[in-house]
Asks: 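There's a structure below that I have some questions on.
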Amino acid sequence: MRMSALLKLGSTMIWMLILPFLAGYLPCCVLPEKERTCSRIFLSGYLLNFAIFECLGVPILLLLDRRGFTLLLVLYVMLLTAAAVFGAYQLRRSRSRLPRICFLEGSVTEKLLWAAAALLFLVIAAMSVIFAFYDGDDAYYVVESVQTWQSGLMYYYLPYTGTNTTLDVRHALAMLPIWFAALAKMTGTHPTILIHSFSPALILLLSDCAFAEAARLLFADRDPAVRNRMSACFMILVGVLQLFGAVSIYTPEYFVVLRPWQGKSLFAAVLLPAAFAVLLTAGSLLPAKSGKAGEDDEKTTGQERYVCILGPLLILAGCLMTEMAPLFLTGLLLLGVILLRMGPGKNNPKLLYRLTRSFMIPAVVYIILMIVLLLPHLVRTFGGYH
Amino acid sequence: MSILQVLNEYRGEGFLLILYCIALCYLLIREKEAVRRALLVYLPLIILALFFLPPVHALYVRLEDASTYYRILWLLPMSMSILYAALRLFEKHLKIGLVVTALVLVLCGRLAYTQDQVVRAQNRLHLPPQVLSVADTITNDMGDAAFIKAAAPPELVPFIRQYDTRIRLAYGREMFTENWNYTFESSVYEVMIKDEIRAEELVKATRENLCNYVIVNQSKKLAGDPKELGLILISRVDGYLVYRDPQITETW
């Protein structure tokens with residue numbers, strides 16, 4: 001019994017932490033080595049992970065009439081493993097061997113500040129195991145995962161009662177419940193245990209990685225010690241805000257602490273801060289373009305490629321979460337890039353064009369797919385029939 | 001729901017939205033660096049302007065559910081701006097700033113675990129333990145039966161299928177979710193919510209719905225005996241009576 005629990009824990013660690021982390025080297029390999037922070041790699045790995053699942057899942061769901069869960073699982077495992085192997089190769093090739101871990105850098109005070117931030121993370125993660133939150137929406141999302149896990153059929157039954165149903169395209173394209181079902185198969189855990197007991201800590205970690213990246217970029221113009229200290233303070237306050245941010249049932253903090261496993265929570269707590277981190281990275285490209293050459297050029301080219309890769313990954317990950325997330329994310333990224341372009345002395349229209357193009361491609365494909373699939377619904381909505 | 005009502009409901013009980021407005025004003029005045037100014041000041045101001053525009057609200061309501069309009073506010077980098085503004089303000093006295101900001105956040109916010117639906121978890125599934133006992137009783141009893149359809153009391157309905165989806169239900173959560181603009185009907189639900197459950201009515205409704213298992217909360221008054229109507233009591237578990245209806249099995 002204990003052996004099987006250990007095996008499950010081991011496989012959970014491999015599929016939920018190690019492989020996504022290694023896969024993170026794939027989008028991050030374009031970055032200069034000193035820009036490859038631990039939080040950036042982990043976050044990028046998960047965005048790649050989500051994007052792979054969505055790109056495989058939607059065609060399989062639509063073409064195989066909701067019966068291709070096993071095929072989806074096999075292809076997903078193969079691609080995730082391939083990405084992780086490539087990541088491990090990149091890690092082996094890199095000079096430093098290990099990514100930068102901010103909380104291991106700096107003075108004792110800085111380390112203590114980072115330790116306090118880590119402690120707050122652990123407290124919230126522990127609370128998510130100790131306390132249960134009974135949310136009505138779980139009767140849809142969690143049941144969808146359990147149903148797929150047990151039957152191998154995707155969106156075939158109505159989650160509330162189990163009667164057969166037609167494909168609800170609006171909800172079906174956001175395949176997060178199916179992703180949890182796949183993860184449950186890979187780890188050998190009941191999906192409800194995985195979702196309610198394990199996923200909160202993971203999602204909180206992803207959210208913290210996105211905020212840590214944003215903090216690092218927000219304080220980028222300070223000298224390294226001050227930057228590290230301010231980033232640590234920022235992360236402590238992120239923890240405090242997560243604990244005390246549930247002023248209403250609509251805030252992102254409420255969602256990430258109490259029901260993080262739902263797509264909208266991941267969108268609000270992980271993808272949106274990550275989008276701001278991407279925009280801050282894009283912003284850091286602009287002054288350097290007109291400035292120094294040499295090492296900075298290499299750094300800027302790498303960062304630009306990274307932004308061009310991560311933007312579409314974010315939008316694809318958004319498709320996995322909710323039907324509105326990709327539209328919100330594309331709008332936010334485009335608006336951000338336009339505003340950055342309008343800043344004083346930042347004349348680089350080619351860069352703007354490249355970023356816009358990379359953000360628009362997945363969004364346009366998604367919008368076309370939505371319009372084709374939802375045509376009857378759209379006709380009803382705008383034709384005035386109810 | 002009007003735009004202002006959405007904003008007011010989002011604001012809730014604390015003062016975090018007000019704190020964000022203060023942070024935004026502070027950054028508007030003090031932040032000179034172009035990238036941060038663009039992303040933490042101009043971008044949120046444009047999103048706020050869009051949020052307050054009635055045509056945007058009207059379009060959103062047509063495409064999506066009006067009750068999710070608050071999600072546009074998620075696009076504002078609220079926490080990022082509050083924390084950045086605070087740390088920028090206290091940059092020279094970071095330790096004092098950290099303590100003061102943390103205190104302000106605690107005073108302006110609300111602890112997440114004080115919500116009504118938060119309870120101490122009693123198992124790794126984070127489901128009420130009665131759900132597990134009742135579902136296990138049914139699945140252990142089913143044998144090789146390919147089909148289980150249960151009539152369960154409303155308090156168990158949202159949870160049973162989170163544990164085992166082999167159990168189908170006579171009605172789902174849609175029957176008792178407030179603010180849903182649909183009309184559903186279920187004769188089983190109508191009987192289950194009565195203060196006194198009449199066995200005859202219950203069995204009639206469950207047979208109409210082809211339920212081969214019937215679960216009754218023991219704390220409810222039960223007028224009549226379902227056993228006399230042909231049901232078999234298979235277990236009393238965690239305050240629930242679990243019956244099997246052999247007539248329905250034969251029908252299947």
Side-chain angles (χ1 to χ4, degrees), chain A residues 127 129-136 138-139 142-143 146-147 150-151 159-163 190 192-193 196-197 214 218 221 229-230 233-234 236-238 240-241 243-248 250 252-254 257-258 268 272-273 276 279-280 283-284 324 328 332 335-336 339-340 343-344 381-382, chain B residues 9-14 16 33-36 38-39 42-43 46 62-64 70-71 74-75 77 79-80 82-84 86-87 91 94 97-98 101-102 105-106 109-113 115 117-121 124-127 158 161-174 177:
Chain A
M127 294 292 249
V129 179
I130 295 167
F131 288 106
F133 179 72
Y134 293 154
D135 180 56
D138 284 359
V142 177
V143 172
V146 180
Q147 204 151 244
Q150 282 189 307
S151 68
Y160 297 143
T161 56
T163 46
H190 190 290
T192 310
I193 296 178
H196 284 158
S197 289
L218 277 172
D221 52 0
R229 205 173 310 141
M230 289 186 88
C233 291
F234 188 93
I236 292 173
L237 294 174
V238 164
V240 175
L241 202 52
L243 274 172
F244 290 89
V247 286
S248 73
Y250 304 112
E253 290 77 17
Y254 170 87
V257 172
L258 295 177
L272 286 173
F276 275 93
L279 285 172
L280 286 164
S284 72
M324 289 299 277
F328 278 152
L332 186 73
L335 191 60
L339 286 171
L340 289 175
T381 305
F382 290 101
Chain B
E9 294 220 344
Y10 188 88
R11 182 181 64 84
E13 292 171 14
L16 290 180
E33 200 275 324
V35 172
R36 288 193 292 260
L39 297 178
Y42 297 138
L43 183 62
I46 292 172
R62 282 225 146 185
L63 285 171
E64 259 281 330
Y70 68 90
R71 289 183 198 170
W74 284 356
L75 302 179
S79 40
M80 216 174 275
I82 293 172
L83 305 186
Y84 172 73
L87 291 174
E91 192 168 350
L94 212 51
L98 179 65
T101 313
L105 290 177
V106 170
R110 184 187 169 192
L111 186 64
Y113 306 101
Q115 301 284 336
Q117 302 104 307
V118 178
V119 293
R120 208 178 165 86
R124 287 185 303 156
L125 291 136
H126 286 205
L127 297 177
R161 288 174 53 75
Q162 289 186 49
Y163 179 53
D164 195 333
T165 55
R166 286 175 300 170
I167 303 171
R168 296 180 186 204
L169 296 173
Y171 64 92
R173 174 206 172 207
E174 72 278 2
T177 301

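Lettering follows sequence order; numbering is per chain, from 1. From a predicted model like this one, the values you see are computed outputs, not experimental measurements. Just so it is clear, the values below take in all heavy atoms, side chains as well, and ignore hydrogens, waters and symmetry mates.
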Asks: Taking A/L218's backbone N and O only, do any of them form a donor-acceptor pair with B/R36's side chain (distance below 3.5 Å, no angle check)?
Replies: yes

Asks: Find the one option among B/G97, B/G109, B/P77 whose heavy-atom pairs under 4.5 Å with chain A are most numerous.
Replies: B/P77

Asks: Keeping the roles fixed (side chain from B/H126, backbone from A/Y134), state whether a donor-acceptor pair exists under 3.5 Å.
Replies: no

Asks: In Å and rounded to the nearest 0.5 Å, what is the CG to CD1 distance from A/L335 to B/I46?
Replies: 4.5 Å

Asks: Quick one: pull up OH in A/Y250 and OH in B/Y70 and give me the separation to the nearest 0.5 Å.
Replies: 7.0 Å

Asks: Check B/A112 against A/A246 and note the closest heavy-atom contact, atom names and distance.
Replies: CA-CB, 3.8 Å

Asks: Against chain B, label A/P159 side chain, backbone, both or neither, depending on which of its atoms sit under 4.5 Å from a heavy atom there.
Replies: backbone

Asks: Does A/L243 reach the side chain of B/Y113, with side-chain heavy atoms less than 4.5 Å apart?
Replies: yes

Asks: Just do the side chain to side chain contact (heavy atoms under 4.5 Å, CB included) check on B/D164 and A/Q150 with the steps written out, would you?
Replies: CA-CA 8 Å; B/D164 195 333; A/Q150 282 189 307; 3.1 Å; yes

Asks: So A/M324 and B/R71, side chain to side chain contact (heavy atoms under 4.5 Å, CB included) or not? Walk me through it.
Replies: CA-CA 10 Å; A/M324 289 299 277; B/R71 289 183 198 170; over 6 Å; no

Asks: A/L340 versus B/L39: any side-chain heavy-atom pair under 4.5 Å?
Replies: yes

Asks: Would you say B/R173's side chain and A/G136's backbone share a donor-acceptor pair under 3.5 angstrom?
Replies: yes

Asks: How long is the straight-line distance from SG of A/C233 back to CG of B/L87, given to the nearest 0.5 Å?
Replies: 6.0 Å

Asks: Under 4.5 Å heavy-atom distance to chain B, tell me which part of A/F234 shows up: side chain, backbone, both or neither.
Replies: both

Asks: Taking the side chain as every heavy atom from C-beta outward, state whether A/H196 and B/L125 have any pair of such atoms under 4.5 Å apart.
Replies: no

Asks: Between A/T192 and B/Q162, is there a donor-acceptor pair closer than 3.5 Å when you use the side chain of the first and the backbone of the second?
Replies: yes

Asks: Quick check: closest heavy atoms across B/L169 and A/Y160, and the distance to 0.1 Å?
Replies: CD1-O, 3.6 Å

Asks: Taking all non-hydrogen atoms of both residues into account, name the closest pair between A/T161 and B/Y171 and its distance.
Replies: CG2-C, 3.6 Å

Asks: Heavy-atom distances under 4.5 Å only: say whether B/I82 touches chain A with side chain, backbone, both or neither.
Replies: neither

Asks: If I take atom OH from residue A/Y254 and atom CZ from residue B/R110, how far apart are they, to the nearest 0.5 angstrom?
Replies: 9.0 Å

Asks: Can you tell which part of A/A214 gets under 4.5 Å to a heavy atom of chain B, answering side chain, backbone, both or neither?
Replies: side chain

Asks: For A/A139 and B/P158, which heavy atoms make the closest approach, and how far apart are they?
Replies: CB-O, 3.8 Å

Asks: Would you compute the distance between atom CE of A/M127 and atom CG of B/L111 and round it to the nearest 0.5 angstrom?
Replies: 6.5 Å

Asks: Give, as side chain, backbone, both or neither, the part of A/L272 having an atom under 4.5 angstrom from any heavy atom of chain B.
Replies: side chain

Asks: Under a 4.5 Å heavy-atom cutoff, which of B/A121, B/A170, B/G172 has the most pairs with chain A?
Replies: B/A121

Asks: With a 4.5 Å heavy-atom cut-off, do A/F244 and B/L105 have their side chains touching?
Replies: no

Asks: Shorter than 4.5 Å, heavy atoms on both sides: which option in B/E13, B/R120, B/R124, B/R11 has the most such pairs with chain A?
Replies: B/R124

Asks: Yes or no on side chain to side chain contact (heavy atoms under 4.5 Å, CB included) for B/L43 and A/L332, after CA distance, side-chain angles and deciding distance?
Replies: CA-CA 8 Å; B/L43 183 62; A/L332 186 73; 3.9 Å; yes

Asks: Pick from A/L237, A/V142, A/V146: which one has the most heavy-atom pairs with chain B under 4.5 Å?
Replies: A/L237

Asks: Verify side chain to side chain contact (heavy atoms under 4.5 Å, CB included) between B/V35 and A/L279, making sure each step is shown before the conclusion.
Replies: CA-CA 9 Å; B/V35 172; A/L279 285 172; over 6 Å; no

Asks: Can you tell me which of A/L280, A/V257, A/V143, A/I236 forms the most heavy-atom pairs within a distance under 4.5 Å of chain B?
Replies: A/V143

Asks: Counting only heavy atoms closer than 4.5 Å, note whether B/E9 contacts chain A via side chain, backbone, both or neither.
Replies: both

Asks: Hey, could you give me the CZ/CD distance between A/R229 and B/E91, rounded to the nearest 0.5 Å?
Replies: 10.0 Å

Asks: Please state whether the side chain, the backbone, both or neither of A/L258 comes within less than 4.5 Å of a heavy atom of chain B.
Replies: side chain

Asks: Name the region of A/Q147, side chain, backbone, both or neither, that has any atom closer than 4.5 Å to a heavy atom of chain B.
Replies: both

Asks: Considering only heavy atoms, which portion of A/I130 lies under 4.5 Å from any heavy atom of chain B: side chain, backbone, both, or neither?
Replies: both

